[in-house]
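Values in this document were obtained by computation on a predicted structure and should not be read as measured data.
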Amino acid sequence: MEIIRTVDELRQRVAEFKEQGKTVGLVPTMGALHAGHISLVDKARNECQAVVVSVFVNPTQFNNPTDLITYPRTEEADCALLEKAQADIAFIPSVEEMYPEPDTRTFDLGPVAEVMEGPMRPGHFNGVAQVVSKLFDFTRPHRAYFGEKDFQQIAVIKRMVEIEGFDIDIVSCPIMRHDDGLAMSSRNVRLTPEQRNLAPGIYKALQLGKTFAAEGNTVAATKALVTETINAIPFMEVEYFEIINAATMQPISDWADAPHAAGCITVYCGDVRLIDNIIFF
């Protein structure tokens with residue numbers, strides 16, 4: 001595996017892959033890699049002849065400066081995992097390399113970015129669009145791989161691809177969970193041992209909500225049950241729980257409003273912000 005830190009070298013190596021007729025897969029990450037990330041790399045490895053993994057904590061998508069400062073950075077361990085997963089390139093640029101000048105672009109991301117994470121984290125999705133569009137421009141991959149834990153983000157990225165006219169397949173990959181059900185996240189390392197023991201309650205509550213909904217209960221009653229169940233757990237506070245049309249990201253008030261519905265939740269466990277989701281049908 002090569003470690004590349006400059007855009008020029010990345011462009012050159014990817015061009016060489018393409019000259020050799022290789023299909024290029026890109027896995028954008030912010031590092032602090034875990035088995036969830038590696039599942040994306042594995043899928044890219046299975047579907048592409050060359051795999052590029054970016055490791056970059058993108059400052060423009062953090063609306064909370066403390067969150068940016070405390071975000072875990074584990075480059076040495078990340079590279080060891082990527083080497084084992086047989087990635088071809090780990091692209092690990094500096095902030096100055098990614099942003100030699102301020103990125104002032106504003107993306108018209110539309111309704112998919114105006115709900116849930118949109119109002120809760122102003123500017124977040126525009127920052128995501130900035131960095132991912134740069135990575136797409138540098139590599140022009142055939143496919144790019146994203147985890148479904150960031151359910152809304154995938155919709156935003158698909159919208160950005162449409163706006164920018166990229167010819168890239170966006171591949172959604174299932175959430176990877178620990179044995180106790182907690183969605184794998186780089187932020188989990190910030191949980192205290194007691195919080196970590198309680199955090200699986202988020203997914204248990206989502207599963208309870210799915211069962212409750214399947215029994216014929218309303219959207220409003222399902223939202224209330226999940227929210228109250230989690231808020232009753234020590235250290236836990238639901239920031240939002242929305243049941244949405246999985247295609248449009250828009251909240252629904254009746255199960256008949258969507259052919260496919262998903263529940264998206266954000267929970268503070270202490271001061272650690274965790275997200276998760278579940279497909280209802």
Side-chain angles (χ1 to χ4, degrees), residues 1-61 73-103 105 107 127-148 150 153-154 156-174 176 186:
M1 184 185 74
E2 295 178 74
I3 297 174
I4 290 177
R5 299 187 185 274
T6 69
V7 172
D8 287 346
E9 188 178 358
L10 177 65
R11 288 186 190 274
Q12 179 183 335
R13 290 295 290 121
V14 172
E16 290 170 3
F17 289 144
K18 291 180 177 178
E19 286 168 6
Q20 295 163 9
K22 293 182 176 180
T23 301
V24 177
L26 173 68
V27 182
T29 83
M30 292 208 300
L33 302 183
H34 50 67
H37 296 108
I38 300 307
S39 72
L40 307 183
V41 179
D42 289 343
K43 188 167 178 61
R45 181 81 275 164
N46 289 335
E47 297 180 353
C48 304
Q49 287 79 52
V51 177
V52 178
V53 182
S54 63
V55 176
F56 177 67
V57 181
N58 174 44
T60 73
Q61 71 189 67
R73 292 161 172 83
T74 56
E75 182 180 313
E76 187 174 341
D78 292 346
C79 287
L81 284 172
L82 294 176
E83 181 90 48
K84 186 176 180 181
Q86 298 182 310
D88 295 284
I89 290 173
F91 177 53
I92 311 178
S94 64
V95 173
E96 293 74 21
E97 184 68 19
M98 288 295 288
Y99 297 104
E101 55 189 45
D103 191 340
R105 292 175 298 159
F107 294 80
V128 169
Q130 287 175 342
V131 72
V132 175
S133 64
K134 279 177 173 280
L135 292 168
F136 284 0
D137 181 55
F138 300 158
T139 58
R140 298 283 168 163
H142 298 88
R143 300 187 184 100
Y145 297 80
F146 297 89
E148 289 178 352
D150 297 300
Q153 178 178 277
I154 293 174
V156 168
I157 289 168
K158 288 179 176 177
R159 171 63 180 157
M160 182 274 289
V161 165
E162 180 184 323
I163 294 168
E164 296 296 298
F166 287 115
D167 182 17
I168 299 170
D169 290 334
I170 304 301
V171 183
S172 303
C173 302
M176 293 291 288
S186 300

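- Take Glu9 and apply the salt bridge (Lys or Arg N to Asp or Glu O under 4.0 Å) test, not counting sequence neighbours, and it matches no residue.
- Glu75 is linked by a side chain to side chain contact (heavy atoms under 4.5 Å, CB included) to Arg5, Cys79, Ile92, counting only residues two or more places apart in sequence or in another chain.
- Remark: Glu164 pairs with no residue by the salt bridge (Lys or Arg N to Asp or Glu O under 4.0 Å) rule, at least two apart or across chains.
- In terms of heavy atoms, Ser39 sits closest to Gly36 at OG-O, 2.5 Å.
- Partners of Glu2 according to the salt bridge (Lys or Arg N to Asp or Glu O under 4.0 Å) rule, which considers only residues two or more places apart in sequence or in another chain, are Arg13.
- Shown here are the ring-ring contact (aromatic ring centres under 6.0 Å, His included) partners of Phe107, two or more places apart in sequence or in another chain: there are none.
- Residues forming a side chain to side chain donor-acceptor pair (under 3.5 Å) with Asp137 (at least two apart in sequence, or on another chain): Arg11, Arg140.
- With sequence neighbours left out, the side chain to side chain donor-acceptor pair (under 3.5 Å) criterion links Lys43 to Glu47.
- With sequence neighbours excluded, no residue forms a salt bridge (Lys or Arg N to Asp or Glu O under 4.0 Å) with Arg73.
- Here the options are Val132, Val171, Thr139, Ile168, the test is side-chain contact (heavy atoms from CB on, under 4.5 Å), and the partner is Leu26; only Thr139 passes.
- Residues forming a side chain to side chain contact (heavy atoms under 4.5 Å, CB included) with Gln49 (at least two apart in sequence, or on another chain): Lys22, Thr23.
- When every heavy atom of Pro174 is checked against every heavy atom of Glu148, the shortest pair comes out as CA-OE1, 3.8 Å.
- For Ser54, the side chain to side chain contact (heavy atoms under 4.5 Å, CB included) partners are Pro28, Phe91, Leu135, not counting sequence neighbours.
- Taking the side chain to side chain donor-acceptor pair (under 3.5 Å) definition, one finds that Asp88 meets it with Arg45, sequence neighbours left out.
- The minimum heavy-atom distance between Gly31 and His37, with the atom names listed, is O-CE1, 3.8 Å.
- Partners of Pro59 according to the side chain to side chain contact (heavy atoms under 4.5 Å, CB included) rule, which considers only residues two or more places apart in sequence or in another chain, are Phe56, Leu68, Val95, Tyr99.
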